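This report concerns only the one structure given below.
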Amino acid sequence: MKKSIIAAIALAACATPALAGGFLTNSNQTASFGRFFALEGYRSVEGAYYNPAGIGFLPQGWHLAFNNQSAFQTRTAISTFAPYAAGDGNNGATSKKFKGTATAPILPSLDVAYVGNNGWFGSAHIGIVGGGGKCEFDNGIGTFESVVAMMPTALNGLSNVMMGTNLVDPNYYSMDSYMRGKQFFVGAQIMAGYKFKPGISVSLGGRLVYATSNYYGYVDNIRFRTATPLPTASGVVPAGTTVGAQDLINAAAGALGKPALAAMGDMISHVEVNCDQKGWGFAPIVAVGYNRGPLSIGARYEFKTRLRMKNQSSTTAEQAALLHNVAEYQDGIKVPNDIPALLAVGATYDFLPNLRAGLSAHYYFDKQAHQWNNKQKLLKHNTWEILAGVEWDVTDQWTVSAGGQTTNYGLGKDKAYISDVSFVTSSYSLGLGAKYKINKRIAINASYFKTFYYSTRKTQADYNGIGGTLKNIVGMAATNGLITPEQATAIATNMSTPEAQALVKGNDLFDRTNDVVSIGVEFSF
């Protein structure tokens with residue numbers, strides 16, 4: 001089945017349902033995180049990820065933890081764009097809600113640690129350090145529909161030059177669309193450390209990351225309504241007839257005797273989008289720890305993970321040249337997609353033998369993480385987070401805890417970094433949970449946390465680059481001899497009028513929800 005290249009614009013609508021960290025970082029790795037959050041100074045086997053140097057302060061011997069998180073997320077963009085009013089089923093409204101659902105029922109992680117009797121210790125962690133799961137937009141997204149919504153204007157602009165009349169009814173279009181994205185960044189981390197006296201430890205190591213993504217989408221069954229009779233081989237198509245986009249362009253090409261018009265229409269309207277990306281990266285990690293009496297402090301620095309994602313895609317270089325938004329997803333190229341460096345610092349203090357609290361801070365160097373077309377330069381500042389938690393041992397077996405986190409992204413005043421194909425907004429999270437010690441060697445953790453996102457609006461003078469797309473179409477028409485250079489210049493002049501500029505304005509109101517349920521088991525032996 002042929003699909004529309006319009007879908008390729010939205011290839012980046014990927015899933016990060018368990019997001020709690022920088023743009024490509026899942027800092028929530030265990031059930032303990034969801035009930036305490038501030039784990040940088042926390043003393044447990046989960047320190048293999050959060051506090052590698054703190055592993056040295058655990059009892060001698062082996063420690064093991066297995067965790068699984070189930071994450072459920074929605075992404076919503078309320079898109080406002082004047083041409084939506086012509087959409088079949090939009091009831092004349094210029095605003096439309098596009099909602100995606102993201103699920104990741106299985107997000108496992110494994111922590112292993114060994115503490116020797118001579119000061120040496122080591123740890124390992126395996127988990128989904130970025131992405132995880134899939135996100136589906138059953139009715140597509142605004143970036144899809146906005147291009148289709150502008151097609152009557154584009155077609156009529158050309159047909160008035162070529163035919164002296166409108167080709168289609170400017171008040172009608174219809175379409176079917178769908179988008180799905182999947183993304184998994186699997187990290188394997190190994191650390192080795194030494195505990196000095198008094199109470200100081202260091203740990204060195206690194207994390208190997210394997211990244212894999214798939215993006216699939218289409219806009220299908222695009223239909224317009226004829227505004228003028230069109231002769232075809234099987235007869236005249238009357239004005240007011242609803243026909244498929246390619247059939248309409250073929251009929252116009254036949255009526256004008258210009259087969260290049262049909263060829264151009266085929267490039268615009270009939271391409272399937274399916275892009276796989278794969279890549280490897282490595283990040284060195286340095287950690288230090290301090291533990292004396294009731295106070296435990298941990299800090300780590302994760303260097304930037306350099307990632308270059310190799311594309312295997314149905315999108316060709318020719319299609320990417322027509323629609324600049326798909327250039328990142330053309331077949332055969334390597335796309336920069338670095339995971340930002342991270343500085344994490346935190347402390348835990350035991351106020352009583354059975355009551356403790358923690359405080360941590362994360363700083364992600366997002367502006368130094370290279371992305372496609374240097375997109376990171378659009379950020380106003382790097383991401384920072386504050387995390388806090390409190391824990392109470394109710395009995396020798398039962399521990400209850402609660403925590404919170406606030407995340408601030410440097411999206412900038414104009415929000416140029418985000419779009420409906422890939423967005424995140426500043427947020428705060430609240431969580432609670434419990435730990436049950438079955439015996440001295442086995443314990444179970446369970447937690448739930450919810451993230452509350454701040455709604456964010458982005459306003460664009462050229463909504464989703466529609467103006468640029470229209471200029472590309474006009475340029476292609478001139479290149480193929482469908483219109484003269486003088487006619488192309490006249491169309492470009494018309495596109496620069498205040499009325500035309502007002503038509504391509506639009507805005508999006510972004511919002512998300514995020515719920516994560518986790519369970520884990522710890523062993524010591």
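None of these values were measured; they are calculated from a predicted model.
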Would you say the side chains of [X] and [Y] form a donor-acceptor pair under 3.5 Å?
{"X": "Asn311", "Y": "Lys334", "result": "no"}
{"X": "Asp366", "Y": "Tyr409", "result": "no"}
{"X": "Gln376", "Y": "Asn374", "result": "yes"}
{"X": "Asp338", "Y": "His370", "result": "no"}
{"X": "Gln405", "Y": "Glu385", "result": "yes"}
{"X": "Tyr178", "Y": "Glu136", "result": "yes"}
{"X": "Thr74", "Y": "Thr513", "result": "yes"}
{"X": "Ser123", "Y": "Tyr49", "result": "no"}
{"X": "Asn274", "Y": "Asn214", "result": "yes"}
{"X": "Asp511", "Y": "Ser455", "result": "yes"}

Using a 3.5 Å distance criterion without hydrogens, assess whether the side chain of [X] forms a donor-acceptor pair with backbone atoms of [Y].
{"X": "Lys182", "Y": "Cys135", "value": "no"}
{"X": "Tyr453", "Y": "Arg75", "value": "no"}
{"X": "Lys99", "Y": "Phe137", "value": "no"}
{"X": "Asn514", "Y": "Gln73", "value": "no"}
{"X": "Ser177", "Y": "Asn139", "value": "yes"}
{"X": "Asp220", "Y": "Asp176", "value": "no"}
{"X": "Tyr215", "Y": "Met179", "value": "no"}
{"X": "Glu145", "Y": "Ala149", "value": "no"}
{"X": "Ser201", "Y": "Ala53", "value": "yes"}
{"X": "Ser447", "Y": "Ala31", "value": "yes"}

Considering the options Asn28, Thr407, Thr406, Thr451, which one meets the side-chain hydrogen bond (donor to acceptor under 3.5 Å, both in side chains) requirement together with Ser429? Thr451

Any chance [atom1] of [X] has more than 12 other-residue heavy atoms, nucleotides or ligands included, within less than 6.0 Å?
{"X": "Lys377", "atom1": "NZ", "value": "no"}
{"X": "Asp396", "atom1": "CG", "value": "no"}
{"X": "Ile106", "atom1": "CD1", "value": "no"}
{"X": "Gln312", "atom1": "CD", "value": "no"}

From [X] [atom1] over to [Y] [atom2], what is the distance, rounded to the nearest 0.5 angstrom?
{"X": "Asp111", "Y": "Tyr50", "atom1": "CG", "atom2": "OH", "result": "8.5 Å"}
{"X": "Ile55", "Y": "Phe121", "atom1": "CD1", "atom2": "CZ", "result": "7.5 Å"}
{"X": "Leu342", "Y": "Asn382", "atom1": "CG", "atom2": "CG", "result": "11.0 Å"}
{"X": "Tyr349", "Y": "Ile297", "atom1": "OH", "atom2": "CD1", "result": "11.0 Å"}
{"X": "Phe452", "Y": "Thr425", "atom1": "CZ", "atom2": "OG1", "result": "13.0 Å"}
{"X": "Asn291", "Y": "Leu58", "atom1": "CG", "atom2": "CG", "result": "9.5 Å"}

Taking the six-membered ring for Trp, are the ring centroids of Trp384 and Tyr364 within less than 6.0 Å of each other? no

If you take the centroid of each ring, where Trp contributes its six-membered ring, are Tyr42 and Phe36 closer together than 6.0 Å? yes

Please list all pairs meeting salt bridge (charged side-chain N to carboxylate O under 4.0 Å, His left out) that have one or both residues in [range], counting only residues at least two apart or in different chains.
{"range": "residues 114-131", "value": "none"}
{"range": "residues 36-60", "value": "Glu40-Arg300, Arg43-Asp350"}
{"range": "residues 199-217", "value": "Arg207-Glu302"}

Evaluate the ring planes of Phe365 and Tyr301, with Trp represented by its six-membered ring, and classify them as parallel (under 30°), tilted (30 to 60°) or perpendicular (over 60°). perpendicular

Measure up the Phe449 and Phe33 rings against each other and bin them: parallel (under 30°), tilted (30 to 60°), perpendicular (over 60°). perpendicular

Derivation of the side chain to side chain donor-acceptor pair (under 3.5 Å) call for Asp515 and Tyr448: CA-CA 7 Å; Asp515 296 86; Tyr448 164 76; 2.5 Å; yes

Holding to side chain to side chain contact (heavy atoms under 4.5 Å, CB included), I want the full list of residues that pass it with [X], two or more places apart in sequence or in another chain.
{"X": "Lys278", "result": "Tyr210, Thr212"}
{"X": "Asn507", "result": "Thr80, Arg457, Thr459"}
{"X": "Leu355", "result": "Leu352, Val390, Trp392"}

With side chains defined as the heavy atoms from C-beta onward, is the minimum distance between Lys375 and Asn373 less than 4.5 Å? no

Just do the side chain to side chain contact (heavy atoms under 4.5 Å, CB included) check on Tyr428 and Tyr454 with the steps written out, would you? CA-CA 8 Å; Tyr428 66 94; Tyr454 297 104; 3.4 Å; yes

Residue pair Tyr463, Ser79: steps toward the side chain to side chain donor-acceptor pair (under 3.5 Å) verdict: CA-CA 10 Å; Tyr463 188 63; Ser79 174; 2.4 Å; yes

Can you list the steps and then say if Gln29 with His125 is a side chain to side chain donor-acceptor pair (under 3.5 Å)? CA-CA 10 Å; Gln29 293 287 307; His125 172 83; 2.8 Å; yes

Please determine if Asp393 and Arg356 form a salt bridge, counting it only when a charged side-chain N lies under 4.0 Å from a carboxylate O. yes

Could you tell me whether Lys435 and Glu391 make a salt bridge, using a distance below 4.0 angstrom between a side-chain N and a carboxylate O? no

Which is it for Val219 and Val148 under the side chain to side chain contact (heavy atoms under 4.5 Å, CB included) test, yes or no, and what are the steps along the way? CA-CA 9 Å; Val219 175; Val148 179; 4.0 Å; yes

Could you tell me if Lys96 sits above the aromatic ring of Phe81, with its cationic atom closer than 6.0 Å to the ring centre and no more than 45 degrees from the axis? no

